[in-house]
Protein chains: 2
Amino acid sequence: MAATIIDVARRAGLSTATVSRALRGLPNVSESARARVQQAAEELSYTVSPIASQLSSGRTGAVGVVLPFVNRWFFGQVVSGIDSVLRANDMDLLLYNLGDTRVHERFFERMPVRRRVDALIVLTLPLSEDETRALSSLAVPVAVLGEPTPPFWNVRIDNSVAAATAVRHLVNLGHRRIGLITGAAHDPRRFATPILRRDAYRTALEAAGIRYDPRLEAMGHFGIEEGAAAMAQLLTLPEPPTAVFAESDEMAFGALRTLRRMRLRCPEDVSVIGFDDHETAHLMDLTTIAQPVVEQGALLARLVLKALAGSHEEPSDTVLPTRLVVRGTTGVARRDAAPGVPPSPGAATDNGTGARGARSPVP
Amino acid sequence: MAATIIDVARRAGLSTATVSRALRGLPNVSESARARVQQAAEELSYTVSPIASQLSSGRTGAVGVVLPFVNRWFFGQVVSGIDSVLRANDMDLLLYNLGDTRVHERFFERMPVRRRVDALIVLTLPLSEDETRALSSLAVPVAVLGEPTPPFWNVRIDNSVAAATAVRHLVNLGHRRIGLITGAAHDPRRFATPILRRDAYRTALEAAGIRYDPRLEAMGHFGIEEGAAAMAQLLTLPEPPTAVFAESDEMAFGALRTLRRMRLRCPEDVSVIGFDDHETAHLMDLTTIAQPVVEQGALLARLVLKALAGSHEEPSDTVLPTRLVVRGTTGVARRDAAPGVPPSPGAATDNGTGARGARSPVP
DNA sequence: TTGTAAGCGTTATCAA
DNA sequence: TTGATAACGCTTACAA
């Protein structure tokens with residue numbers, strides 16, 4: 001069917017070895033030989049078989065990307081960052097979506113990446129010791145997005161600092177009842193991100209001399225709907241929060257919707273701060289903690305490529321900066337009535353735009 | 001390093017052929033042999049080398065997915081649909097993000113998927129005749145999301161019907177000046193979707209006896225920011241539209257933001273309808289045309305797997321249904337002042353919630 | 001049911 | 001600079 005290197009060699013009147021060298025642009029090939037090979041290959045519209053090449057050389061030309069979700073904004077952005085770097089280096093990208101626990105377990109049982117990839121990038125998955133060992137045994141460079149996982153390369157943000165900044169922002173605005181919508185899920189895998197952000201929330205409260213109240217923490221599972229439900233739950237408290245820190249923008253969006261539905265103004269009645277600087281955050285005028293998402297992906301890819309190129313650098317741990325982006329959904333704390341009840345009949349339909357003008361949280 | 005099939009065979013006291021058969025669960029292997037192989041493999045923590053297996057069998061165990069963007073909501077959803085089906089069938093997913101024109105051209109020049117994949121799924125990319133031929137020459141099943149591209153399998157929605165429905169919805173509400181925010185971009189590749197939707201818009205207007213005005217069409221490039229700019233442009237017209245059809249929800253989000261910034265109420269001053277039923281559309285109370293996104297991906301994957309399984313069915317063309325989802329951003333046409341000017345001073349800060357209550361377009 | 005051995009299409013080593 | 005040829009690790013006729 002398709003031409004092989006033998007066909008090309010025959011047509012060029014050379015050996016397969018020379019053809020192979022010529023095609024890969026290796027030195028020690030005469031110009032004339034190179035030209036003849038080029039032409040023969042073209043005439044036969046020959047392409048090397050990556051499979052055969054891989055088997056022979058031991059290199060696969062592919063990088064595996066292992067992640068827990070493909071259809072969430074954050075991961076799409078990261079993958080796009082990885083892809084751009086990989087593609088620029090003629091590397092393939094093999095996607096492994098670990099989805100639920102079953103798929104996750106199966107992955108580590110069967111290790112489908114074994115001998116399939118030259119390097120591995122793991123996104124935000126908590127790795128057990130066994131799993132870490134399993135990945136090490138692959139004997140390929142591994143880069144991890146998230147908490148430091150020796151002996152792998154690491155890229156991350158400082159979730160503790162970032163979350164503390166979010167909470168302090170609310171504290172500085174005079175808030176004392178500060179709720180948390182956490183991403184921590186029932187998933188038996190304990191994703192580190194929500195835990196770190198939640199712990200930072202608690203610590204920051206304590207540092208501000210605010211007593212911790214477990215009822216002010218609601219689960220949002222990193223989803224819009226779940227974020228909305230979490231906000232609703234917080235509002236049923238006898239003393240509802242005057243401000244809420246959502247561990248992701250998507251949950252914050254849900255929270256905003258609930259506020260709107262309950263006829264509560266944001267930020268007059270309840271302030272909301274998110275996390276990520278999702279592309280829609282700007283649109284919703286959401287105050288948030290911005291992190292470089294695409295860049296984290298690109299960096300991960302660059303790290304494994306460098307390791308692949310034979311750099312004998314020790315795996316590093318890179319912490320990328322986050323920053324507070326103040327928009328219209330956070331404001332000074334109210335000092336009068338409880339937020340559960342609209343302060344005046346008119347406010348129910350006002351939506352807060354009168355007071356805040358252009359800084360209202362709605363598009 | 002890693003154990004090979006020969007090691008397993010030796011340990012089990014069998015031939016490599018038997019080991020291979022046993023490991024793949026083929027018939028004609030005695031129970032005792034199967035058990036010995038299992039145990040030997042386990043003890044050596046042996047995994048087959050997919051590469052070697054591929055070279056030998058001619059199957060790659062991977063499906064290529066070619067798409068123009070990874071970081072857009074729509075494509076993330078489709079990929080997630082594909083992935084779930086593929087993963088359930090132990091197939092790998094090789095991602096090819098064609099991004100800009102240069103990468104696109106390079107892809108078809110070098111055909112990196114050649115012999116790398118057992119099947120190919122192409123998402124919404126307009127294929128030239130040469131490109132179609134190139135893909136055919138791969139001699140693997142190809143499934144295309146988008147316009148029918150014989151001789152490939154096809155999955156799509158009826159963009160013309162869907163877009164016409166959107167426009168008719170506006171017409172039925174009494175609108176006569178109906179703007180279009182089209183996704184058609186400067187990309188030399190002529191993506192079919194925006195063109196189909198735009199043509200349907202024109203046809204639907206004509207059918208309603210409304211004269212076509214090219215000034216009512218603005219480019220939104222399928223982006224939020226660009227959608228916002230397009231809306232702003234439409235509002236500068238001497239006679240601005242009272243309703244706008246955005247060819248994607250993301251552009252509609254941008255349009256809503258512009259309306260908000262210009263102190264125009266939605267839908268009182270301008271109605272907006274989007275396309276996709278993006279997960280945020282609900283949140284923004286955006287009227288839109290819903291299409292099954294994840295399902296289209298899953299279906300594409302199932303089609304190529306079926307073809308791979310040896311079904312000799314003729315490639316089909318499946319059209320999935322869309323439906324109008326009426327929410328709060330569309331309303332009856334105003335009959336008094338031009339929308340460019342707020343009808344009353346108070347309206348500028350009212351945001352329309354007074355009149356529409358829960359149906360206001362904001363969360 | 002099991003084993004032998006010929007591929008699969010390259011790359012890489014070594015000698016020429 | 002070029003060429004023979006042995007891997008690479010598996011699958012699959014075909015034979016036993």
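Note on naming: letters A, B, ... go to the chains in the order of the sequence lines (proteins, then strands), and numbering restarts at 1 for each one. Note that these values count all heavy atoms, side chains included, but never hydrogens, waters or copies made by symmetry.
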What is the bend of the helix from C:dT1-D:dA16 to C:dA16-D:dT1 when you compare the axis at one end with the axis at the other, using five pairs each and rounding to 10°? 30°
Under 4.0 Å, heavy atom to any atom of DNA chain D: which of residues 30-46 of chain B qualify? B:Tyr46
Identify all pairs in which a protein N or O lies below 3.5 Å from an N or O of nucleotides 12-16 of chain C, and state each distance.
from: C:dA12; atom 1: OP1; to: A:Arg59; atom 2: NH2; distance (Å): 3.2
from: C:dA12; atom 1: OP2; to: A:Arg24; atom 2: NH1; distance (Å): 3.0

Partners of A:Ser53 by side-chain hydrogen bond (donor to acceptor under 3.5 Å, both in side chains), sequence neighbours excluded? none
By salt bridge (charged side-chain N to carboxylate O under 4.0 Å, His left out) - contacts of A:Glu314 (at least two apart): none
Sub-4.0 Å heavy-atom contacts from residues 4-11 of chain B onto DNA chain D, ordered by number: B:Thr4, B:Ile5
May I have all residue pairs that pass salt bridge (Lys or Arg N to Asp or Glu O under 4.0 Å) and include part of residues 67-81 of chain A, sequence neighbours excluded? none
List for me each residue that meets salt bridge (charged side-chain N to carboxylate O under 4.0 Å, His left out) alongside A:Arg190, sequence neighbours excluded, and say none if there are none. none
Sorted by chain and residue number, the ring-ring contact (aromatic ring centres under 6.0 Å, His included) partners of A:Phe152 (sequence neighbours excluded) come out as none
Under the rule for salt bridge (charged side-chain N to carboxylate O under 4.0 Å, His left out), what residues qualify as partners of A:Arg10, not counting sequence neighbours? A:Asp7
Under the side-chain hydrogen bond (donor to acceptor under 3.5 Å, both in side chains) test, which residues partner B:Gln39, sequence neighbours left out? B:Glu43
Residues pairing under salt bridge (Lys or Arg N to Asp or Glu O under 4.0 Å) where one sits in residues 95-105 of chain A, two or more places apart or in two chains, turn out to be none
